[in-house]
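One structure below.
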Amino acid sequence: MPSEEAEAHDFIRDIINEDLRTNKYGGRVHTRFPPEPNGYLHIGHAKSICLNFGIAEDYKGKCNLRFDDTNPAKEEEEYVRSIIEDVRWLGFDWEDRLFFASDYFDQMYDYAVELVKRGKAYVDDSTADEISRTRGTLTSPGQKSPYRDRSIEENLDVFTRMRAGEFGDGEKVLRAKIDMSHPNMNMRDPIVYRILHASHHNTGEKWCIYPMYDWAHGLEDSIENITHSICTLEFENHRPLYDWFLDQIEVYHPQQIEFARLNITYTVMSKRMLKQLVDEGHVNGWDDPRLPTISGMRRRGYSPAAIRNFCKRIGVAKVNSMVDFEFLEYCIREDLNKTAPRFMGVLQPLKVVIENYPDDKVEEMEAVNNPEDPSAGTRKVPFSRELCIEEEDFMEEPPKKFYRLAPGREVRFRYAYFVKCKEAIKQNGKVVELRCTVDPDTRGGNAPDGRKVKSTLHWVSARHAMDAEVRLYDKLFTEKDPAGHKDADFKDFINPNSLEVLTSCKIEPAVKNLKPLDRIQFERLGYFCVDPDSNSEKLIFNRTVGLRDTWAKIQKQQQQKTT
RNA sequence: UGGGGAAUAGCCAAGCUGGUAAGGCAUCGGAUUUUGAUUCCGUGAUCCCUGGUUCAAGUCCAGGUUCCCCAGCCA
């Protein structure tokens, strides 16, 4: 469970502390995470999940998982399935409290009847268009519906017949009778029930009227005895209505608290946009590793602990904010550095022949599995005459500050020997093979005479290496805030190079024991995750995130100087 | 001349009843290093503005500015 360092402190916990002090809810703390099953969860939801479940943990309270499934037109079973999977994967437990708003439809209906009986709601025969036109504008009041003063008896009768299916979609609605000139648009006789002859994933054909969010949500919270109903900022305008409904029918009244939703640079965080990316094939499904969905991040190799820690550290406040994606990456690296076993793999192989090493000889070099975790132990890596190193670890004419291999230069091959380059063999101007020698006295990687080398390279034995495909991911968008341009579509900023597939990678044999979704580090390259499509026939790795790369930074600076 | 929110370093974000600006990321230096990784050190703020109260204001008062949300039978 999330056990990371000091306890969180934020304005919501301040409110809870105060409520506890005044004994407002008898010492109880009960939250809920209420997703609508109309899409996959993303990291913005993770923030809410960590907040709600985190508060429950901190205060030894409870947190429910509740599906807010009041709109059968948009909701699907597949989304329910994925949401359950994602919340569980993140590491949270709702015990026996998995609920559906649709489980409360009967009760919500009864409460609506009560609202009508109290003269606080009426059936409106106006068309959607008429209702819209008479709502007024932000600066001018709306007009009362001609049906507003129907008798309670008539309202009861027509509402009953609405439920019985006597009318078609949109013919009538139940409206709260509040104030058509209220400065808050939400209070201008909001719709409580609409007619929708649609099959519901949970209740099937039982209902042809469905409650609206404002009516349903507070009742759901009330029925579940929620103490603090935490939602995002855009619902702040709805709080007066949340309160009004619960007050009118005089039921248990939780407190709604709003916080700012999460935004991260170079991505989008709206279900609508994510769905569009998926539906239009800009990515390969909801779990595409380039997406900020929970399932995408899982496939990318992000760990639940890293995501939880990220959510904890970004804080909770009421300011609209945009977190640098670098901070997310930092949190991922931080966790993976401590937990990911290390391997050697070569993405762009360059052949190396050790001229003074016999062709029939193979040595098993001992390698540390995780320098950050001694208990991870060691493994054997085969070394032989023909090896592969990374193409970019050799330069025929090395620039300043390039410490790696070059003609005449000696470097260390990790966990093996000091290796000296004698000659680069070229074909059509391209280096295709390196002829090198090994210093037999440096076995294991240290020279008895104390001489040093400037760098250490990773390598694999050509004969023993396994072939693999490696997928490198870059930012999905080229713009910091792709959704923030009023006169441009977010899709205009899609990065055409967000996915690079390398198919001739060579990996040390020890990876054969890995399972799908295992998270590892290829030394000097980054963190990687075994793709679920990977199998013994074809190994596939997704790059989660690269290691911090000081050399790349130096290169960039050098390039800028020359141009 | 609608209503509701919010403004603290490039980015998040503490700062409770006023006492002289935490922390993290990023950046840039440096040390250690068989991953140019990790780790470790060091590096940045007249707290949206203008007045006022006070010995003392990010914190209180007044006025202003900017940004976000609201006119779905979506949530």
Side-chain angles (χ1 to χ4, degrees), chain A residues 6 9-10 14 17 34-36 38 68-71 73-75 124 126-128 131-133 135-142 169-175 181-188 190-196 209-210 212-214 216-217 231-240 258 260 262 265 271-272 313-331 333-334 337-338 342 344 367-368 371-372 401-404 412-416 418 444-446 452-458 521-526 546-554:
Chain A
H9 188 263
D10 52 68
D14 285 344
N17 289 337
E36 182 190 13
N38 67 343
D68 204 0
D69 55 349
T70 57
N71 184 2
K74 290 187 177 175
E75 295 149 8
D124 195 335
S126 307
T127 64
I131 289 177
S132 168
R133 270 187 286 114
R135 188 155 11 234
T137 69
L138 296 177
T139 51
S140 63
D169 289 359
E171 275 183 40
K172 293 178 176 2
V173 289
L174 183 71
R175 284 234 255 175
S181 56
H182 198 108
N184 181 339
M185 299 288 286
N186 293 126
M187 302 297 273
R188 321 245 261 229
I191 291 166
V192 178
Y193 270 93
R194 78 282 213 180
I195 298 172
L196 219 54
I209 58 171
Y210 291 92
M212 297 290 290
Y213 168 86
D214 288 302
H217 204 89
C231 61
T232 43
L233 245 33
E234 66 270 25
F235 291 103
E236 212 156 16
N237 294 327
H238 294 248
R239 186 168 7 113
E258 311 84 10
L262 170 65
T265 54
K271 275 195 226 171
R272 195 199 99 236
R313 298 216 254 181
I314 52 175
V316 184
K318 298 195 74 154
V319 229
N320 288 306
S321 61
M322 175 148 327
V323 176
D324 285 339
F325 85 97
E326 288 92 344
F327 186 58
L328 211 209
E329 292 201 325
Y330 169 83
C331 292
R333 288 195 190 102
E334 182 190 44
N337 175 50
K338 285 182 284 194
R342 277 128 244 210
M344 289 198 283
V368 173
E372 306 290 323
K401 292 189 179 172
F402 182 86
Y403 301 150
R404 281 109 98 144
R412 172 168 39 232
F413 276 25
R414 182 146 229 226
Y415 299 126
F418 280 16
N446 283 307
K452 303 285 186 203
V453 287
K454 292 279 269 184
S455 76
T456 302
L457 306 188
H458 62 278
Q521 181 193 103
F522 284 137
E523 295 218 27
R524 302 212 305 133
L525 296 176
L547 259 27
R548 259 185 55 190
D549 192 346
T550 306
W551 168 237
K553 214 175 280 176
I554 294 169

Could A:K74 and A:E36 be called an ion pair, given the rule that one side-chain N must be under 4.0 Å from one carboxylate O?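 Salt bridge: no.
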Nearest to the A:L547 side chain among B:U35, B:U38, B:G10, which nucleotide is it?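 Nearest to the side chain of A:L547 among the choices is B:U35.
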Name all residues meeting the side chain to side chain contact (heavy atoms under 4.5 Å, CB included) criterion together with [X]; count only those two or more places apart in sequence or in a different chain, and write none if there are none.
X: A:T232; answer: A:E234, A:F235, A:F259, A:R261
X: A:P183; answer: none
X: A:P34; answer: A:R32, A:R66, A:H217

For the side chain of A:T265 and the backbone of A:F325, is there at least one donor-acceptor N/O pair under 3.5 Å apart?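 Yes: the side chain of A:T265 pairs with the backbone of A:F325.
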Distance check, [atom1] atoms only: [N] and [M], in whole angstrom units.
N: B:C49; M: B:U66; atom1: C1'; answer: 10 Å
N: B:A14; M: B:C68; atom1: C1'; answer: 23 Å
N: B:G18; M: B:A57; atom1: C1'; answer: 6 Å

Using a cut-off of under 3.5 Å, enumerate the N/O to N/O pairs linking the protein to nucleotides 28-32 of chain B.
none

Indicate, with a heavy-atom threshold strictly under 4.0 Å, whether A:F402 touches base, sugar-phosphate, or nothing.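 The answer is base, as A:F402 lies within the cut-off (heavy atoms under 4.0 Å) of a base atom.
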Counting any heavy atom closer than 4.0 Å, what does A:T139 reach on the DNA or RNA strands: base, sugar-phosphate only, or nothing?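 Answer is base: heavy atoms of A:T139 come under 4.0 Å of a base.
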Mapping A:Y330 and A:S140 onto RNA chain B by nearest heavy atom, which one lands closer to the 5' end?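 Its nearest nucleotide being more 5', the pick is A:S140.
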Between protein and nucleotides 65-75 of chain B, map the contacts as a letter string: B base, S sugar-phosphate only, - none, heavy atoms under 4.0 Å, written 5' to 3'. ---SBBBSBSB
Classify the side-chain pair A:N184/A:H238 by whether it contains a donor and acceptor separated by less than 3.5 Å.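 Judged by distance alone, the side chains do not pair up.
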Can you find a donor-acceptor pair, distance only, under 3.5 Å between A:Q521 side chain and B:U35 base?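 Answer is yes: a donor-acceptor pair is held.
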Both atom distances under 3.5 Å, Watson-Crick or G-U wobble: I'd like the secondary structure of RNA chain B as a dot-bracket string, with | for pairs made across strands. .((((((..(((......[...)))..((((.......)))).....(((((..]....))))))))))).....
Would you kindly give the CZ-to-P distance between A:R313 and B:A26, to the nearest whole Å?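 So the CZ-P distance, A:R313 to B:A26, works out to 10 Å.
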State whether A:R548 places a side-chain N or O below 4.0 Å from either non-bridging phosphate oxygen (OP1 or OP2) of B:G36.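 No, because none of the side-chain N or O atoms of A:R548 sits under 4.0 Å from OP1 or OP2 of B:G36.
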